[in-house]
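Every chain is numbered from 1 and lettered A, B, ... according to where its sequence line falls, protein lines coming before strand lines.
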There are 2 protein chains.
Amino acid sequence: MNEPLERLVNAFRSLPGVGLKTAQRYAYFIIKSSKGDATDFANSVLLAKEQIKYCKECGNYTDKTICPICQNRNKKTICVVAEPKDVVVMEKVKNYNGVYHILNGTLSPLENRGPNDIRIKELLDRINRYQTTEVIMATNPDVEGDATAMYIAKLLKPLGIKVTRIAQGISMGTDLEFADEITLSKALEGRREI
Amino acid sequence: MNEPLERLVNAFRSLPGVGLKTAQRYAYFIIKSSKGDATDFANSVLLAKEQIKYCKECGNYTDKTICPICQNRNKKTICVVAEPKDVVVMEKVKNYNGVYHILNGTLSPLENRGPNDIRIKELLDRINRYQTTEVIMATNPDVEGDATAMYIAKLLKPLGIKVTRIAQGISMGTDLEFADEITLSKALEGRREI
């Protein structure tokens, strides 16, 4: 293989989950595309890296100082997530009108991440400033996500703030027989009168 | 989502086989990577598009006028393939010392590609110039690949050139019971004394 092609293949291989064959496929696609398209592609990488920074409020990616969500929405409710990508997922729920707070990770003794390594101090500061009344913990339903939610709940409850956790249970459309025990037990625990 | 991020996600979505989730994953990876890495990535795209052209001989991608394979190897044997990416695959066979010829497609009545739309004239020209003695047809073992191989074989045989086709049969490690009928019939057809 020649040098610029090899370099391009290696660039694509650095992307998460991309192996040699996929990288070659992407590279050949770029080479076959028009000069304008390839330039646009490269520019969108440069532009994103240049212009995207962290929102000073919630910590999400934005090209402004304060992201549009923090600028325009109700700060009485803060939904706490681990990563910026979780905001994209949560935003699919159209009727949430509060803001977000990105922790940039979860508490993890194994990976040596303690309370000072994630954005908890910033969360407390925002709650104070905006007199937030409810904090929704939307970290992942796994050991680290649950531990992080519990830790923050313990911190906030003495301040008289309502802390909630997104519900865990059977996913829509899942057959009962395929649900795992932990999910089933969570679903039972969280049962409601109908 | 903000504008530069959206643009980057859309750029990645234009790659073959990449959906929204994968594109987002790639985009977040770029944003999280260092400025130098992102710039390298963008530059490798620009550089490849700028420097890679077609080898004047075989039609493969190269950053030279004549690719290293055409420059250095025996031109008495030409292995004919449909696409540049097939050369990468064939080159895994370490003991092939001939050159390649990229057709840039196969004959396809359905897609309106006739003999003048693929690089057959260039192949004849090279065979003439280098007094090639064997042409190995390594187009894909499908209807179009087979038809293209047959067409070229018919063209070359009157010139006294040996035309061969890569063998079709059971793949290494495949259980007989999972082989399809056509493959089995090809395997039987191509049987050899042992």
Greatest number of heavy atom pairs closer than 4.5 Å to chain B - which of Glu50(A), Arg25(A), Gln51(A):
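Option with the greatest count: Arg25(A).
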Sort Lys49(A) into side chain, backbone, both or neither according to what part of it lies under 4.5 angstrom from a heavy atom of chain B.
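For Lys49(A), the contact with chain B is made by the side chain alone.
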Structural part of Glu83(A) lying under 4.5 Å from a heavy atom of chain B:
side chain
Please identify, among Ala48(B), Ser14(B), Pro16(B), the residue contributing the most non-hydrogen atom pairs under 4.5 Å to chain A.
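So the answer, after comparing Ala48(B), Ser14(B), Pro16(B), is Pro16(B).
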Give the cluster check for [X] versus [Y]: same hydrophobic cluster or not, with ILVMFWY residues linked at side-chain heavy-atom distances below 4.5 Å.
| X | Y | result |
| --- | --- | --- |
| Val80(A) | Leu159(A) | yes |
| Val88(A) | Tyr61(A) | yes |
| Val99(B) | Leu124(B) | yes |
| Met137(B) | Ile127(B) | yes |
| Val135(B) | Tyr130(B) | no |

With side chains defined as the heavy atoms from C-beta onward, is the minimum distance between Tyr26(A) and Tyr26(B) less than 4.5 Å?
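Yes; the side chains approach each other to less than 4.5 Å.
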Write out, in numerical order, the residues from residues 29-47 of chain A with a heavy atom short of 4.5 Å from a heavy atom in chain B.
Phe29(A), Ile30(A), Ile31(A), Lys32(A), Ser33(A), Ser34(A), Lys35(A), Ala38(A), Thr39(A), Asp40(A), Phe41(A), Ala42(A), Asn43(A), Ser44(A), Val45(A), Leu46(A), Leu47(A)
For the CG atom of Leu8(A) and the CD1 atom of Ile52(B), what is their distance to the nearest 0.5 Å?
6.5 Å
